2 protein chains.
Amino acid sequence: MEKILLVDDENDILEFVSYNLSKEGFQVITCNNGKEAIQLAQKENPDLIILDVMMPEMDGIETCHELRSIDKLKDTLIIFLSARGEDYSQVAGFDAGADDYIPKPIKPRLLVSRVKAILRRKGGKVEAEETHSGIRIDREKYLIFKDNKEFSLPKKEFELLALLFSKPGKVFTREIILDNVWGGDVVVGDRTIDVHIRKLREKLGDQYIKTIKGVGYKFEV
Amino acid sequence: MEKILLVDDENDILEFVSYNLSKEGFQVITCNNGKEAIQLAQKENPDLIILDVMMPEMDGIETCHELRSIDKLKDTLIIFLSARGEDYSQVAGFDAGADDYIPKPIKPRLLVSRVKAILRRKGGKVEAEETHSGIRIDREKYLIFKDNKEFSLPKKEFELLALLFSKPGKVFTREIILDNVWGGDVVVGDRTIDVHIRKLREKLGDQYIKTIKGVGYKFEV
DNA sequence: ATTACAATTTAATATTAAGTTAACATCCCA
DNA sequence: TGGGATGTTAACTTAATATTAAATTGTAAT
C-alpha cells in the first residue's frame, strides 16, 4: 500500500483529497505547512508528496526545493495542487522539481488517475512501456514507436494517445478524456477531441483508434 | 440495507428518484429543503445524501457545506443532482465536498449505478463480470462475448441487453426498460423496444431473450 | 519586438451509424 | 376467432462523429 503525504493549509481540501485517496486504498498522512511536511517526509518516507502551491509562510515551491535538497527524498514523487488558472505555478512547479501538477478545483477522478499514473510510472512495477498492436509509447523521451520507427507528436495528441493506450481496449468517454488530457476546469468545444483523434488517425492509420458511438473512443487491440 | 436521504424541493423528482432507489432495495427518506435535511441527517444517520443543487432559500452547495461541518456527518457520502448543462455546479459541488454528481435529466440507470458504485467504494466490495448461458458483458470495453467470440453492439442494444442480463431470468416490464435504458423523461413509440429486441435476437440468436406476453422480456438462463 | 511556424481550437458543413417510426403481419389466448 | 399484444421490415429521422479550413493561440528564432 503506497503512502502519500498531503500538505495543505486548508483543512477542507486536506479532507477532500484525503478521502478520495483513502477510498482508493492509499495510506494518507497529512499536515498543514511546509515545515511539518519536511519533518514528516523524513520520518515517514512517503512514496508521493502532494503539495499545495499556495500556503502561508513557506509555499509549495519553496517546500519542494527544500525537500529535493534532502538526499533520501531526491527520488520521492512530488505533485502540486494549484489554484484555478494559475498557469505560472505549473511552470515554476516543474522547475522546482515537481513530477506532476493537479489543477483546482480538484476533480476526484482526475486526482486519482494522476496519482495512480505517476505511482505506476516510477513505481517500476508496471509500465515497462509495453507494445500493443505494434505501437509503443516512451513517456521519458516523449516519442511514439510504430513498427520500430520513431516519431514525435504534439503534446495534446501525445497525451490523448497515451491515455487511450494506457488501457488498450477500454472505452474512454469524452468526459474522462477531457478530465485527463485537458484537466479540471478547462472548457473546450465538443469537436476538439474529434480533431485530435483525426490527427492521430492520420499519422498512425485508421485501425488503431476505434469510435464507440455515444460512448467514446478506445485503442483497438 | 443502506439508508439514503434525498433532498429536493420538487416533489416530482423526489418521487421519481425515490421510486427508482427503493426498487433497488434502498431505504429512502426524503425532505424538501436544506434545513430539514440537516436535521434529518443528524437524526437518521444516512449512508448517502442526495442533494439537489437548485433549491430555494438554502441551496445544495450551502447545505453541503453545513452538513460537512457537522462532525458525525464528515464521512457521509454526498451526491449532487444538478440541472441540465450546469457544468458550474459540478465544479462548485466538488469544492463543497461532494463525492459525486448526477446530471439532470436523471436517467434511472445512471442514478442507480452511481449510487451503487459510490456505496460499493465505501464498503469495499467489488462485483465480478459473470457469464450466463455462454454470454458475458464487458462494460469497460463495451463488448459482448459469446462462446469466447467478441462483438460490439450499438449503445441502445448494449444497454438493453445489459439490463436484461443484470438479473438473468427476471422479467423486465416495458416501463422499467424505458426508464432504465431510455431514461425517465424520454418518450418513444410502442414498437421501439421490440425493434431493439429483434436486433439483439438477430445478432445473438433467438434463444437468449424470451417474451413474456403481457408482461415484458427476460434473459433466459 | 517582429516574424514565422507549429499547435490548438473553433466553426461550419458533411457524413454516417444509430435510433425511431409507420405500416403491416402474425401470434396467442380469452 | 377477434382483438390486443408482439413481430417484422424498410423507410425515415436524428444524433453523433468526421472532416475541413480558417482563426486563434503559443513558441522560438531573429
Side-chain angles (χ1 to χ4, degrees), chain A residues 85 87-88 90-91 94-95 142-144 151-164 171-178 180-183 185-218 220, chain B residues 84-85 105 107 109 142-144 151-164 171-178 180-183 185-218 220:
Chain A
D87 211 39
Y88 163 75
Q90 182 164 10
V91 175
F94 284 129
D95 282 350
Y142 224 78
L143 287 173
I144 309 296
F151 60 98
S152 60
L153 287 178
K155 192 159 87 186
K156 285 271 152 47
E157 286 169 46
F158 185 94
E159 294 297 344
L160 173 52
L161 178 61
L163 175 65
L164 299 182
V171 182
F172 292 83
T173 65
R174 280 152 187 282
E175 200 194 348
I176 300 278
I177 291 173
L178 283 177
N180 280 281
V181 178
W182 276 262
D185 52 356
V186 179
V187 184
V188 290
D190 250 13
R191 301 275 65 75
T192 302
I193 295 176
D194 306 35
V195 173
H196 287 274
I197 291 284
R198 161 134 227 294
K199 297 237 170 91
L200 282 174
R201 283 175 173 156
E202 228 166 39
K203 290 169 185 171
L204 298 174
D206 289 340
Q207 68 270 40
Y208 299 104
I209 298 171
K210 193 176 173 195
T211 305
I212 314 297
K213 233 180 151 156
V215 188
Y217 296 95
K218 69 165 143 179
E220 192 74 329
Chain B
R84 200 187 309 251
K107 292 199 174 186
R109 196 186 169 81
Y142 225 79
L143 289 173
I144 309 297
F151 59 97
S152 59
L153 289 177
K155 193 164 138 184
K156 284 267 155 40
E157 286 168 45
F158 186 96
E159 294 298 341
L160 173 52
L161 177 61
L163 175 65
L164 298 182
V171 182
F172 291 83
T173 65
R174 281 153 184 280
E175 198 196 348
I176 300 281
I177 290 173
L178 282 176
N180 281 279
V181 179
W182 275 262
D185 51 353
V186 180
V187 184
V188 291
D190 254 10
R191 300 273 66 71
T192 302
I193 293 177
D194 305 37
V195 173
H196 283 92
I197 291 283
R198 159 122 235 296
K199 293 199 174 142
L200 281 175
R201 284 175 173 155
E202 224 166 41
K203 290 170 184 171
L204 297 174
D206 290 339
Q207 68 271 39
Y208 298 104
I209 298 170
K210 196 175 173 194
T211 305
I212 314 298
K213 225 180 150 150
V215 188
Y217 297 94
K218 70 167 160 179
E220 192 74 331

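Please read all numbers here as calculations on a predicted model, not as lab measurements. Every chain is numbered from 1, with letters handed out A, B, ... down the list of sequences.
A/Leu161 places its CG atom 13 Å from the P atom of C/dT8, with the value rounded to the nearest Å. Note: CD1 (B/Ile177) to P (C/dT20) measures 13 Å, nearest angstrom. Atom CG in A/Leu153 sits roughly 14 Å away from atom C1' in C/dT8 (whole-Å rounding). At whole-Å resolution of the value, CD in A/Glu159 and P in C/dA7 are 15 Å apart. Look at CG on A/Leu160: it is 14 Å from C1' on C/dA7, rounded to the nearest Å. The nearest whole Å value for the distance from the NZ atom in A/Lys156 to the P atom in D/dG26 is 10 Å. One atom, CG of A/Asp206, and another, P of D/dT17, lie 17 Å apart when rounded to the nearest Å. Residue A/Glu157 contributes atom CD, which lies 17 Å from atom P of D/dG26 at whole-angstrom precision.
When distances run from any side-chain atom of B/Thr211 to the nucleotides D/dG7, C/dT20, C/dT9, the shortest one goes to D/dG7.
Proximity of residues 189-201 of chain A to DNA chain C (heavy atom under 4.0 angstrom from any strand atom) is restricted to A/Gly189, A/Arg191, A/Thr192, A/Val195, A/His196, A/Lys199.
The shortest side-chain heavy-atom distance between A/Lys210 and B/Ser152 falls under the 4.5 Å cut-off. Taking the side chain as every heavy atom from C-beta outward, A/Ile193 and A/Tyr217 approach each other to under 4.5 Å. You'll find the side chain of B/Leu160 stays beyond 4.5 Å of the side chain of B/Lys199, heavy atoms only.
One axis for each end of the helix from C/dA1-D/dT30 to C/dA30-D/dT1, each built from five base pairs, and the angle between them comes to 30° at 10° resolution.
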Query - Pair B/Leu200-B/Ile144, side chain to side chain contact (heavy atoms under 4.5 Å, CB included): steps then yes or no - result: CA-CA 11 Å; B/Leu200 281 175; B/Ile144 309 297; over 6 Å; no
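Residue contacts shown for A/Lys213 include a base, since a base heavy atom lies under 4.0 Å away. Heavy atoms of B/Tyr217 sit under 4.0 angstrom from primed sugar atoms or phosphate atoms, though from no base atom.
Contacts of A/Lys203 classified as side-chain hydrogen bond (donor to acceptor under 3.5 Å, both in side chains), with partners at least two apart in sequence or in another chain: A/Glu157.
Note on ring orientation: taking the six-membered ring where Trp is involved, the planes of A/Trp182 and A/His196 are perpendicular (angle over 60°, cut-offs 30° and 60°).
Under the 4.0 Å criterion applied to side-chain N and carboxylate O atoms, B/Asp194 and B/Arg174 are assigned as salt-bridge partners.
Put simply, A/Trp182 has no side-chain N or O that comes within less than 4.0 Å of OP1 or OP2 on C/dT8.
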